[in-house]
Number of protein chains: 2
Amino acid sequence: MLDAHQLNVFLIAAETLNFTQAAQRMNMSQPSVSQHIQALERHFNTSLFLRAGRTLQLTDAGLVLVPMARDLVSQSILIEETMESLQGEIFGHLMVGCSTTPGKYVLPHLLAQFHNEHPKVRVTCLVSPQAQAINMLCEGKTHFALASFAHKSCMDAEFVDFMCDPVVLITPLNHPWAQKGSIEIEELYDENFILREEDSGTYRTVRDALRNTSVRIERLKTLLTLGNSEAIALSVQEGLGVGFVSQAVATGVGRDHVAIVKINGLDICREIYIGRHTRLPSTKAQNAFWDFVTSIDIPKMGTIF
Amino acid sequence: MLDAHQLNVFLIAAETLNFTQAAQRMNMSQPSVSQHIQALERHFNTSLFLRAGRTLQLTDAGLVLVPMARDLVSQSILIEETMESLQGEIFGHLMVGCSTTPGKYVLPHLLAQFHNEHPKVRVTCLVSPQAQAINMLCEGKTHFALASFAHKSCMDAEFVDFMCDPVVLITPLNHPWAQKGSIEIEELYDENFILREEDSGTYRTVRDALRNTSVRIERLKTLLTLGNSEAIALSVQEGLGVGFVSQAVATGVGRDHVAIVKINGLDICREIYIGRHTRLPSTKAQNAFWDFVTSIDIPKMGTIF
DNA sequence: ATATGCAATAAGTAAATATTATTTTCGTCA
DNA sequence: TGACGAAAATAATATTTACTTATTGCATAT
């Protein structure tokens, strides 16, 4: 098979029409040039130079070869330069799976910041239910996962506590609790609730937060179960009842339409975990992303960003 | 410097994502593939494959390399194929120098025939005075020369008698000789002549042809000396005198305007020689052209073509 | 003629490339 | 778990290739 070096020697020889000079320009000995040319001539089974006494001259075949050899050599140099330019540079493509709430309220800010630091890294975000996001991570279909419940069923993934997404109690603006601003835990039993489904992150978070209290989420008067927090905020706004949603939702779509009511002695915090593979080796981009998310300082409580 | 073979191994490995299979497809051993990949990785100072247990996977750098390597390998194959296609094929570019008459009346037909046999050979014809045409051949500026006088001053050229271009006596149509159709040699002294210059091929040819007769060209009544045969034909046509021109001119531009008069006992023939280098090595195209012109059967006398 | 410039050849050494045999590492199947 | 199996890495070795110096052979120029 052809060798870019050999063709390069040929090109210099074709340019100088003098093997000795060509050898000097290539920093090699004259016989070496002769040998390379002879090797090429044997390879192509045709002569490339006419040796007329002391003068050298390209044959027709040689003339045909020159421009093609030039192309190959410059392609070779392009490769070298491109690979060289990759040195230390962080680039590539990351796949991040995440569940609904993190996908809507956490990732956008996070990725904007990450993109600032590593503009050559493309990130694709796959929003899907919790379990599926974690499955994809375990199967290697995504490089990272952002979710509020870290399944331990998968050995190949490592999860760390990434940040805290507060969950708050919201009521209609004209609700009595809204006037008071805060309530006692036991008062929760007095109202009709609109909640997420039982296997949602928000539901579990509230359930776990109430575990140390006298109130059980299962015994609340549940009027309605909805599949997403925005729908709950809208229902609350319409006066159907009260509910728990991520603070981001309450101050986002719910701002000025619902009231946030504090529950004395209870702060509900939905932990958001970030997970990655432990077995699969990782690229520079993956390491950079991990370094980024584990070093970034995000308040554990309070408004997200 | 990069080696197309190594990149090809990389490409197959990247395609199969399995070094053992890649080795089989390349007809080499598995460790050899490993070594090539390692060599590339060392060369680029970056890893190209992620070795995750039993599964192989390209790194970002590897993904960047694949299309570029493909380009280089296909360029390499293009070169191989092109050079292969040159095998035995006759192509290239010939330079033929020739003097005026052969250039006008011999070469066009000759080249048309040659082109038929070897359509890939380009031919450039340089028309110039005799001496210059031969000089260029000797200096290697042209590959062949077609001329009626073969200088022996140049050691590096070989000339062979190529064909015979008859030189004929022409008169105005209403001239007495034209009525007779032929004359005796001695009658030449009776007329006014329009001739080419003394160092022209035509002049020398006529002079040499008369050498064995009682007539000397120098003693003819020379009315006018002109630089080309067409001008002579026109002047004869106008009735200024009679002259000697190549039969091709007489039957060409002179047809129906001048008469051809035979001189009893005298056939004037201008030998046209074709010359080539003997020292400089020759290309296939040159050999083909030489073979063509030396084997072609051209009547030694009579109308050209 | 003689000297010089330049390519070809010869011979020896160093380096790269291939091979076989072996080890290591995972993944898989009892 | 533990043994087996597949696949890559490693080791050791042989072979081929590439480069070097020294020499020869032409062809040109003085």
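So that the names make sense, note that chain A is the first sequence line, chain B the second, and so on, each numbered from 1. All of these numbers come straight from a predicted model, not from anything done at the bench.
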- Note on the structure: When rounded to whole Å, the CE to P distance for the pair Met26(B) and dT17(C) reads 13 Å
- Item | Arg42(B) CZ - dT17(C) P separation (whole Å) | 9 Å
- Aromatic centroids of Phe114(B) and Phe292(B) separated by under 6.0 Å: yes
- Measure from CD on Gln24(A) to P on dT20(D) and round the result to the nearest Å. 13 Å
- Message: When you measure from the side-chain N and O atoms of Ser34(A) to the phosphate of dA8(C), is any distance below 4.0 Å, counting only OP1 and OP2?
- Response: yes
- Note on the structure: To the nearest angstrom, the CG-P distance between Leu50(A) and dA8(C) comes to 12 Å
- Query: Under 4.0 angstrom, heavy atoms only, what part of the nucleic acid is Thr20(A) near: base, sugar-phosphate, or nothing?
  - Reply: sugar-phosphate
- Item | Among dA18(C), dT20(D), dA21(C), the nucleotide that comes nearest once only the side chain of Pro31(B) is considered | dA21(C)
- Message: On the nucleotide dT19(C), are OP1 or OP2 found under 4.0 Å from the side-chain N or O atoms that Ser29(B) carries?
- Response: yes
- What is the distance from CD of Gln6(A) to C1' of dC19(D), rounded to the nearest Å? 13 Å
- Message: Could you tell me how far apart Leu40(A) (CG) and dT17(D) (C1') are, to the nearest whole angstrom?
- Response: 14 Å
- Query: For the side chain of Gln30(A) and the base of dA8(C), is some donor closer than 3.5 Å to an acceptor across the two?
  - Reply: yes
- Task: Assign the ring pair His5(A) / His36(A) to parallel, tilted or perpendicular, where the plane angle (0 to 90°) is split at 30° and 60°.
- Result: perpendicular
- Task: May I ask you to verify if any side-chain N or O of Asn18(A) is less than 4.0 angstrom from the OP1 or OP2 atom of dA7(C)?
- Result: yes
- Note on the structure: Assert: residue with more 5' nearest nucleotide on DNA chain D, out of Thr55(A) and Asn27(A), is Asn27(A)
- Query: Does His36(B) place a side-chain N or O at less than 4.0 Å from the phosphate oxygens OP1/OP2 of dA18(C)?
  - Reply: yes
- Query: How long is the line joining NE2 of His5(B) and C1' of dT17(D), in whole Å?
  - Reply: 14 Å
- Query: Is there a side-chain polar atom (N or O) of Gln21(A) under 4.0 Å from OP1 or OP2 of dG5(C)?
  - Reply: no
- Query: How about Glu80(B) and His43(A): does a side-chain donor come under 3.5 Å of a side-chain acceptor?
  - Reply: yes
- Item | Least distance between heavy atoms, Met68(A) atom then Gln75(B) atom | O-NE2, 3.0 Å
- Assess the pair Phe144(A) and Phe162(A): is the distance between their ring centroids shorter than 6.0 Å? no
- Item | Between C1' of dA18(D) and CE of Met28(A), the distance in whole Å | 9 Å
- Query: For DNA chain C, whose closest nucleotide is more 5', that of Gln35(A) or that of Leu56(A)?
  - Reply: Leu56(A)
